A.B. asks: 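Take this structure, written in structure tokens, and hold onto it; I'll ask about it next.
Only this structure's heavy atoms are used, side chains among them; waters, hydrogens and symmetry mates stay out. Note that the structure is predicted; figures quoted are calculated from it, not measured.
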Amino acid sequence: MMKYKEIRAGIEVEQGAGWLHRMVRAFRFLLGLMVVSVIVLYFYPSDQAQAALRGKIDVLKAERDTLQAERDAQLRRLEWIRTDVQYLEIAARDRLGLQKDGEFVLRFQSKPAASQK
């Protein structure tokens, strides 16, 4: 019985087998590159999701600015209550619906936003 090395040694190696080996290696590389690309694209957030998040950020920033403006107005009002006696007097009379002798108070009410057209 002949050994494998002896049998293989008797057969001449084809000259075209080298290009086939190189092609297989190139296709393996391309397949690996495609697999990595698919994985990256699967886990990478889409443009639509990023645009939605940017829109949400803009809405939250606008809400933050509105709340900061309201806070600043409340702080100014609190400071006026603490320091300005005239403001305190006017605010108390307005809230209680009182007036000084000889004073006429005129009140204007705006229409609700739903009925204005």
Side-chain angles (χ1 to χ4, degrees):
M1 177 173 241
M2 297 178 93
K3 295 183 179 178
Y4 177 75
K5 289 181 183 179
E6 294 172 359
I7 295 173
R8 189 76 180 140
I11 301 173
E12 291 185 21
V13 178
E14 296 179 20
Q15 294 295 329
W19 71 270
L20 185 60
H21 181 67
R22 286 190 291 275
M23 289 294 286
V24 168
R25 289 184 68 177
F27 283 128
R28 282 184 186 168
F29 174 75
L30 290 175
L31 180 65
L33 192 61
M34 288 186 343
V35 168
V36 169
S37 300
V38 167
I39 290 172
V40 167
L41 289 176
Y42 180 75
F43 288 108
Y44 191 75
S46 68
D47 292 338
Q48 293 174 348
Q50 287 181 352
L53 290 175
R54 284 188 193 110
K56 191 173 183 178
I57 287 172
D58 292 339
V59 168
L60 291 174
K61 283 182 180 180
E63 184 179 344
R64 178 201 61 194
D65 294 341
T66 302
L67 291 173
Q68 283 178 344
E70 288 178 18
R71 182 201 63 197
D72 293 342
Q74 291 292 331
L75 287 174
R76 279 193 306 274
R77 186 168 183 252
L78 181 62
E79 187 63 29
W80 291 339
I81 290 172
R82 287 183 182 163
T83 59
D84 193 358
V85 177
Q86 289 177 342
Y87 174 78
L88 189 57
E89 179 185 346
I90 292 170
R93 283 194 289 140
D94 185 47
R95 181 170 288 177
L96 297 174
L98 300 175
Q99 62 190 21
K100 290 184 179 180
D101 291 334
E103 183 178 59
F104 294 101
V105 178
L106 300 174
R107 294 186 186 269
F108 298 97
Q109 293 181 345
S110 62
K111 294 180 182 179
S115 66
Q116 289 181 353
K117 287 187 178 179

A.B. asks: Give a yes or no on whether Y42 and I39 share a hydrophobic cluster (residues Ile, Leu, Val, Met, Phe, Trp, Tyr; joining criterion: side-chain heavy atoms under 4.5 Å apart).
C.D. replies: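 Yes, Y42 and I39 fall within the same hydrophobic cluster.
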A.B. asks: With sequence neighbours left out, write down each residue that passes side chain to side chain contact (heavy atoms under 4.5 Å, CB included) with M34, or none if nothing qualifies.
C.D. replies: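 M34 satisfies side chain to side chain contact (heavy atoms under 4.5 Å, CB included) with L31 only.
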A.B. asks: Enumerate the ring pair (Phe, Tyr, Trp, His ring centres under 6.0 Å) contacts for residues 44-64, please, sequence neighbours excluded, ordered by first and then second residue.
C.D. replies: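 Not a single pair qualifies under ring pair (Phe, Tyr, Trp, His ring centres under 6.0 Å).
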A.B. asks: Which hydrophobic side chains are connected to L60, either touching it within the sub-4.5 Å cutoff or through other members that do?
C.D. replies: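 Besides L60, the cluster holds no residue at all.
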A.B. asks: Using the side-chain hydrogen bond (donor to acceptor under 3.5 Å, both in side chains) rule, collect all pairs that involve residues 69-93, keeping only residues at least two apart or in two chains.
C.D. replies: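 Qualifying pairs: R77-Y87, E89-K100, R93-E103.
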A.B. asks: Under 4.5 Å between side-chain heavy atoms, counting indirect links through other Ile/Leu/Val/Met/Phe/Trp/Tyr residues: same cluster for L33 and V38 or not?
C.D. replies: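 Different clusters.
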A.B. asks: Can you tell me how far the CE atom of M23 sits from the CG atom of L30, to the nearest 0.5 Å?
C.D. replies: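 If we round to the nearest 0.5 Å, M23:CE and L30:CG are 9.5 Å apart.
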A.B. asks: If you look only at pairs with a residue in residues 51-66, which of them pass as a side-chain hydrogen bond (donor to acceptor under 3.5 Å, both in side chains), with sequence neighbours excluded?
C.D. replies: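 Output for this query is empty, none listed.
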A.B. asks: Looking at Q48, I want to see if its CD is surrounded by more than 12 non-hydrogen atoms of other residues, nucleotides or ligands under 6.0 Å.
C.D. replies: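 Not buried by this count: 12 neighbours or fewer within 6.0 Å.
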A.B. asks: Can you name the side chain to side chain contact (heavy atoms under 4.5 Å, CB included) partners of L41, sequence neighbours left out?
C.D. replies: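 Applying side chain to side chain contact (heavy atoms under 4.5 Å, CB included) to L41 gives none.
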